[in-house]
Colleague: 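One structure, as structure tokens, below. Some questions next.
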Amino acid sequence: MTTLCYAKGTCAMGIHILLEEVGKPYDLRRVDFSKQEQHSPEYRKLNPKGKVPALVRDDGSILTEYAAIATWLAMSNPDKKLLPTDPEGAARTIEALDFAVGTLHMLSWRLFRRPDAYTANPDEQAQLKLRGREAVEKGLAVVDANLAGKTYVAGNYSIADSALYYVEFWVAEVAKWPLPPNVQKHYDLMKTRPAVQASRKEEGVA
Amino acid sequence: MPKLYYWPGTCGITIHILLEETGIAYEREQIDLSIKQQYSREYLAINPKGKVPAFIRDDGALLTEVPAIAWWLAMTFPHAKLLPADVDRQTRILEAVSYIAATIHMQGAARAWRPLLFSSHAGEQDSVIARGREIVLQGMDIMSTMLADKNWLAGDYSIADASLFFIEYWAIEKVGYALPVNIEAHYQRMRARPAVQRALAAEGLA
């Protein structure tokens with residue numbers, strides 16, 4: 001059976017949402033970050049990158065990288081309409097998804113959340129945390145402008161919304177910073193989706 | 001006419017190569033990162049993210065994020081054969097493109113090339129650079145496994161090869177890392193392509 005390797009509180013929650021949207025049976029395999037299980041020889045054998053999310057598919061092959069897993073789920077389940085098929089719609093979806101994963105998450109939130117991954121110096125860590133918050137806020141302002149007059153980031157509901165959601169989740173539930181108005185509306189709307197509620201239950205915030 | 005905003009030797013080279021592969025007519029304009037032109041009022045009016053590359057299409061619409069621009073070019077100009085039609089290989093290509101952009105580039109090369117972004121502490125620059133190098137080389141090992149003894153990452157030439165080229169160029173020409181043998185061969189194979197030669201010449205890197 002399809003199995004999602006995930007850790008609580010990570011971006012894997014976005015893939016969890018997409019699996020729920022698809023609605024086919026799947027298993028969850030929890031990787032315990034508090035015990036550094038992602039670096040264990042057993043997990044490394046499965047995913048040499050030592051990261052989550054990783055999706056083990058029915059045929060046993062493993063798929064990594066948020067954008068690739070999300071796109072594959074969307075393309076293999078076209079009836080769920082999670083990714084437009086025209087070049088414009090597809091490009092806008094990937095653009096919004098990449099901005100959430102590459103910029104908001106990896107280049108911004110991570111500075112705030114994991115300054116120790118960059119420097120061992122406590123003063124520097126304090127500065128990185130500030131810079132991380134600033135970068136998240138700047139990025140969310142771009143998203144806020146893009147969301148004006150729209151319900152979902154790339155027009156219709158798509159895989160890009162799952163990526164924006166997990167960043168919103170961190171900002172709202174972990175850091176408890178205010179979200180800009182259109183982003184807050186998007187987050188509230190996401191919370192009404194049954195697939196998102198299943199993820200929130202797993203995350204313990206339902 | 002479509003237009004590419006870029007700065008020589010940055011990840012925009014990937015888009016530059018892909019544009020040359022399509023053979024379409026386009027304009028290009030340098031945004032001088034050395035004088036922080038990406039944050040100028042004029043450029044922010046074009047791309048509010050304050051980053052390069054940025055691509056303006058024929059219809060005047062702005063497209064950002066390397067994977068999204070690459071995907072759009074591949075889908076819009078199918079004659080260039082930059083993306084196979086089957087879901088499985090498309091997924092593998094996106095997996096590689098995302099890993100190259102978000103991890104090897106943003107987490108690895110960014111640390112090694114611009115350690116000051118992560119620590120202004122003089123004594124710590126070396127450890128930031130060393131960690132960046134480690135991430136890049138680990139990433140190149142993963143790419144080396146994917147490439148194996150094939151000519152191109154996904155069998156046929158694709159947007160993934162143009163993405164990998166940027167890291168290869170940087171690692172080999174700028175910082176002199178020793179890369180796996182098959183990756184070095186891939187780099188030379190890329191350099192033999194007329195489109196790559198034209199892109200390098202246009203950026204003044206030939």
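Worth saying up front: this structure is predicted, and the values here are computed from it rather than measured. Below, chain A is the first sequence line, B the second, and so on; all start at residue 1.
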Colleague: I'd like to verify something: which residue of A/Ile69, A/Leu107, A/Leu128, A/Leu63 has the highest number of heavy-atom pairs under 4.5 Å with chain B?
Modeller: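 That would be A/Leu63.
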Colleague: Main chain of B/Glu65, side chain of A/Glu95: is a donor-acceptor contact present, judged purely on distance under 3.5 Å?
Modeller: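 A pair under 3.5 Å: no.
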Colleague: Does A/Ala117 offer a backbone N or O that forms a donor-acceptor pair with the side chain of B/Arg131 under 3.5 Å?
Modeller: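 Checked: no pair found.
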Colleague: Which atoms of B/Asp88 come close to chain A, meaning under 4.5 Å heavy atom to heavy atom: side chain ones, backbone ones, both, or neither?
Modeller: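 Just its side chain gets close to chain A.
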Colleague: Once rounded to the nearest 0.5 Å, what's the spacing between atom CD1 of B/Ile93 and atom OG1 of A/Thr71?
Modeller: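 Between atom CD1 of B/Ile93 and atom OG1 of A/Thr71 there are 12.0 Å.
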Colleague: So, for B/Val128 and A/Tyr118, which heavy atoms are closest and what is the spacing to 0.1 Å?
Modeller: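 Smallest interatomic distance, heavy atoms only, reads CG2-O, 3.4 Å.
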Colleague: Taking side chain as everything from C-beta outward and backbone as N, CA, C, O, which of these in B/Leu62 sits under 4.5 Å from a heavy atom of chain A? Side chain, backbone, both or neither.
Modeller: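 Answer is backbone: N, CA, C or O of B/Leu62 sit under 4.5 Å from chain A.
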Colleague: Working to the nearest 0.5 angstrom, can you tell me the gap between B/Glu124 CD and A/Glu124 CD?
Modeller: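 B/Glu124 atom CD to A/Glu124 atom CD measures 6.0 Å (nearest 0.5 Å).
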Colleague: Can you check whether A/Met106's main-chain N or O pairs, donor with acceptor, with B/Gln107's side chain at less than 3.5 Å?
Modeller: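 Pair found, side chain donor or acceptor close to backbone of A/Met106.
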Colleague: Out of curiosity, A/Ile94 CD1 to B/Leu63 CG, how far, rounded to the nearest 0.5 Å?
Modeller: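 So the gap between those two atoms works out to 9.5 Å.
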Colleague: State the CG-CG distance between A/Leu97 and B/Leu94, to the nearest 0.5 angstrom.
Modeller: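 Between A/Leu97 CG and B/Leu94 CG, I get 8.5 Å after rounding to 0.5 Å.
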Colleague: Which heavy atom of B/Ala61 sits nearest a heavy atom of A/Arg92, and at what distance?
Modeller: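 Closest heavy-atom pair between B/Ala61 and A/Arg92: CB-NH2, 3.5 Å.
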Colleague: Could you grab the distance from atom CG of A/Asn121 to atom OG of B/Ser120, nearest 0.5 Å is fine?
Modeller: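 Separation between the atoms: 8.0 Å.
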Colleague: With a 3.5 Å cut-off and no angle check, do the side chains of A/Lys51 and B/Thr103 form a donor-acceptor pair?
Modeller: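 Judged by distance alone, the side chains do pair up.
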Colleague: Nearest 0.5 Å, what's the CD1-CD distance between B/Ile100 and A/Glu65?
Modeller: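 Separation between the atoms: 9.5 Å.
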Colleague: Less than 4.5 Å to any heavy atom of chain A: does that hold for the side chain of B/Glu95, its backbone, both, or neither?
Modeller: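 Both backbone and side chain.
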Colleague: Against chain A, label B/Leu117 side chain, backbone, both or neither, depending on which of its atoms sit under 4.5 Å from a heavy atom there.
Modeller: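 Both backbone and side chain of B/Leu117 come within 4.5 Å of chain A.
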